Trainee: 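Below you'll find the structure I mean.
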Amino acid sequence: MLDLKFVRENLEMVREAAARKGEEADINRFTAVDEQRRRLLSEVERLKNRRNVVSEQVAAMKKSGEDATAVIEEMRAVSARIKEMDSEIRGIEEELQNILLTLPNIPLPGVPVGQNEADNVPVRFFGEPPRFDFEPKAHWDIAAGLDIIDFERAGKVTGARFAFYKGWGARLERALINFMLDLHVNEHGYTEIFPPFLVHRNSMTGTGQLPKFEEDAFRVAGTEYFLIPTAEVPVTNLHREEIMPEEALPLRYAAYSACFRAEAGAHGRDTRGLIRQHQFNKVELVKFTRPEDSDAELESLTANAEEVLKRLGLPYRVVLMCTGELGFAAAKKYDLEVWLPAFNAYREISSCSNFSDFQARRAGIRFRRKGGRAEFVHTLNGSGVAVGRTVAAILENYQQGDGTVLVPPALRPYLSGLRGNYIGR
RNA sequence: GGAGAAGUAGCGAAGUGGUCGUAACGCGCCGCACUCGAAAUGCGGUUGUCCGCAAGGGCACGUGGGUUCGAAUCCCACCUUCUCCGCCA
């Protein structure tokens, strides 16, 4: 959410920033509602001041035994009018709040202006796409051959876009979660969090998933609980409505969670395999920083996520997202894209974003410098990394001509009982 | 699910219809004094937010309603926490 005063004073910038993100900001309606609110507010405040003054007089009159009936009668009318106006103002303020909640964050300087994927800027590459002396298979075919992931039965039991992991498939998934968490906690200095997988509507609003994107989330019928689309939601909201001392910053959390996404509007895309599931596992990195540190912290967060792919020996590239691809809440974003041989392309496996104070303002997350006023923190997060897509990447990049899959060395300590370093031999 | 208790500033806590939330008091924090320095001590300061060019004013005692000329204080509903009982992985 943007600051009310900031929007009022920078209408053109807000409109432009939204346009560059490919969204529309209804500035005219904002201005109309904002002005109406202020008009009503000064009027009702005058009435309230009168009520306060007169109430004091009533007290004094009663004390000295005077008759206050006339003033009380007058105040009855004033009070009724105040009640009417208060309710009108409440309606106006709700509308204003709803407008503010739908204004997208403003991109940071240095973010390339562009409309779509084509305008993103690759900033660095790691590794080489592997060469095969056989026709490489897609991960779902490899998995079927090894009998380690069962999509068909998941369709029977739950529905499309779900999977059963089985045997070494399940082991591989669990090994990756532990490998990633250990790396971030032991070597990168993050504190491990295991969050709730359901959150209340307020938390979804705090991080920006609501109110605009409700159709992308799963909601538990008859409740205000939502299945989390990412651990970002519970972990960022961990410090909602808090004021922390400056020394507490930066806070760095690493959280495993299952993630649930309705994938509305993705019908027909990535229908096979692990790339786009309704439920997937992810290790998420979340940071709270002082405003002046968020830029550097985004770089280190991205580097931390990259380290996962480096150690697994997976070829990838880092892409700086253009304004049109930033999404609603981000001010700057890098995507890590891993090489998938079956797609003959790089595909997103992590998304690292700086949200500046956008989420902090929505969620009321602040800090106080010594002797200063409370300021909003900056929040950042990034996948460190998506586990299902990592499984896909390992299966495809490490597949062998005989249908087996070599396990990357970094993962072997997490797969006790594996004979000969290959799944399927 | 049943019974009970509680939600006030960064934290603890007082305040039960009208000099008052610039919220007593304590802790913490900031400044000053004392000190070679620190501790201890003393003095002073320290909520947020909104409207307004300003002067000034409004709002907020978990949330939302209600009663009243006037509510932290009375009434209703809801949320959260705690204690006991029941159930339970």
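Remember, it's a predicted structure, so these values are computed and weren't measured experimentally. Just so you know, these numbers use all the heavy atoms, side chains as well, and skip hydrogens, waters and symmetry mates. A note on names: the letters A, B, ... follow the listed sequences, proteins ahead of strands, and every chain is numbered from 1.
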Trainee: Determine whether more than 12 heavy atoms belonging to other residues, nucleotides or ligands lie under 6.0 Å from atom CD of A/E93.
Mentor: yes
Trainee: For RNA chain B, what residues of residues 73-90 of chain A have any heavy atom nearer than 4.0 Å?
Mentor: A/M75, A/R76, A/S79, A/K83, A/R90
Trainee: Does atom OH of A/Y225 have more than 12 heavy-atom neighbours, drawn from other residues, nucleotides or ligands, at distances under 6.0 Å?
Mentor: no
Trainee: Please check if the distance between the ring centroids of A/F213 and A/F328 is under 6.0 Å.
Mentor: yes
Trainee: What is the separation between atom CD1 on A/I72 and atom C1' on B/G18, rounded to the nearest whole Å?
Mentor: 11 Å
Trainee: Should A/E35 and A/R38 count as an ion pair when the cut-off is N to O under 4.0 Å?
Mentor: no
Trainee: Within the 3.5 Å criterion, strictly below it, is a donor on A/Q359 or A/T207 matched to an acceptor on the partner's side chain?
Mentor: no
Trainee: Between C1' on B/G62 and CG on A/N202, what's the gap in Å once rounded to a whole number?
Mentor: 13 Å
Trainee: Between A/N49 and B/C59, is there a contact of a side-chain N or O with OP1 or OP2 at under 4.0 Å?
Mentor: no
Trainee: Using the test salt bridge (charged side-chain N to carboxylate O under 4.0 Å, His left out), find all partners of A/E152 that sit at least two apart in sequence or belong to another chain.
Mentor: none
Trainee: Can you check the distance between B/G28 and B/U80, where both ends of the measurement are the C1' atom (answer in whole Å)?
Mentor: 26 Å
Trainee: Provide the distance between the two C1' atoms, one in B/G26 and one in B/C84, to the nearest whole Å.
Mentor: 32 Å
Trainee: Does A/F358 have its ring centroid less than 6.0 Å away from the ring centroid of A/H378?
Mentor: no
Trainee: Could I get a table of every N or O pair under 3.5 Å where one atom is in the protein and the other is in nucleotides 73-81 of chain B?
Mentor:
none

Trainee: Under a 3.5 Å cut-off on both pairing distances, which runs of 3 or more consecutive Watson-Crick or G-U pairs involve RNA chain B?
Mentor: B:1-7 with B:79-85, B:10-12 with B:25-27, B:28-33 with B:41-46, B:47-51 with B:56-60, B:62-66 with B:74-78
Trainee: How long is the line joining CD of A/E247 and P of B/G10, in whole Å?
Mentor: 16 Å
Trainee: Rounding to a whole Å, what distance do you find between A/R50:CZ and B/G56:C1'?
Mentor: 17 Å
Trainee: List the protein contact pattern of nucleotides 48-54 of chain B with one symbol per nucleotide (5' to 3'): B for base contact, S for sugar-phosphate-only contact, - for none; contact means a heavy-atom distance under 4.0 Å.
Mentor: SSSBS--
Trainee: When A/D335 is tested against each of A/S383, A/S353, A/S351 for side chain to side chain donor-acceptor pair (under 3.5 Å), which residue passes?
Mentor: A/S351
Trainee: How far does the C1' atom of B/C85 sit from the matching atom of B/U47, given to the nearest Å?
Mentor: 41 Å
Trainee: Do A/L108 and A/N354 touch side chain to side chain, with heavy atoms closer than 4.5 Å?
Mentor: yes
Trainee: Between P on B/G57 and CD on A/E56, what's the gap in Å once rounded to a whole number?
Mentor: 11 Å
Trainee: Taking only the C1' atom of each, what is the distance from B/G10 to B/C29 in whole angstrom?
Mentor: 9 Å
Trainee: So which of A/R347, A/E306, A/E337 actually passes side chain to side chain donor-acceptor pair (under 3.5 Å) with A/Y316?
Mentor: A/E306
Trainee: Could you work out the separation of B/U22 and B/A38 based on their P atoms and round it to a whole Å?
Mentor: 37 Å
Trainee: Suppose we screen for side chain to side chain donor-acceptor pair (under 3.5 Å). Which residues come up paired with A/R46, at least two apart in sequence or across chains?
Mentor: none
Trainee: Closer than 4.0 angstrom, basic N to acidic O: yes or no for A/R29 and A/E95?
Mentor: yes
Trainee: Which is more 5' along RNA chain B, the nucleotide nearest A/V44 or the one nearest A/V71? Just name the residue.
Mentor: A/V44
Trainee: Taking B/C53 as the reference, what is the distance to B/C79 when you measure between their C1' atoms (whole Å, please)?
Mentor: 42 Å
Trainee: Might you confirm whether atom CD of A/E74 has over 12 heavy atoms from other residues, nucleotides or ligands at distances under 6.0 Å?
Mentor: yes
Trainee: Using a 4.0 Å heavy-atom cut-off, does A/V58 contact any base of the nucleic acid, only the sugar-phosphate backbone, or nothing at all?
Mentor: base
Trainee: State yes or no: are the ring centers of A/F367 and A/F288 separated by less than 6.0 Å?
Mentor: no
Trainee: Can you tell me how far C1' in B/C88 sits from the matching atom in B/G1, rounded to whole Å?
Mentor: 12 Å
Trainee: Suppose we call two aromatic rings close when their centres sit under 6.0 Å apart. Are A/Y253 and A/H239 close by that rule?
Mentor: yes
Trainee: Separation of A/E94 atom CD from B/G64 atom C1', in whole Å?
Mentor: 12 Å
Trainee: In whole Å, what separates the C1' atom of B/C74 from that of B/G18?
Mentor: 15 Å
Trainee: Return the value, rounded to whole Å, for the distance between atom CG of A/L40 and atom C1' of B/C59.
Mentor: 16 Å
Trainee: On RNA chain B, does the nearest nucleotide to A/A59 precede the nearest nucleotide to A/N52 from the 5' side, or the other way round? Give the residue.
Mentor: A/A59
Trainee: Using atom CD of A/E241 as one end and atom C1' of B/U63 as the other, report the distance to the nearest whole Å.
Mentor: 13 Å
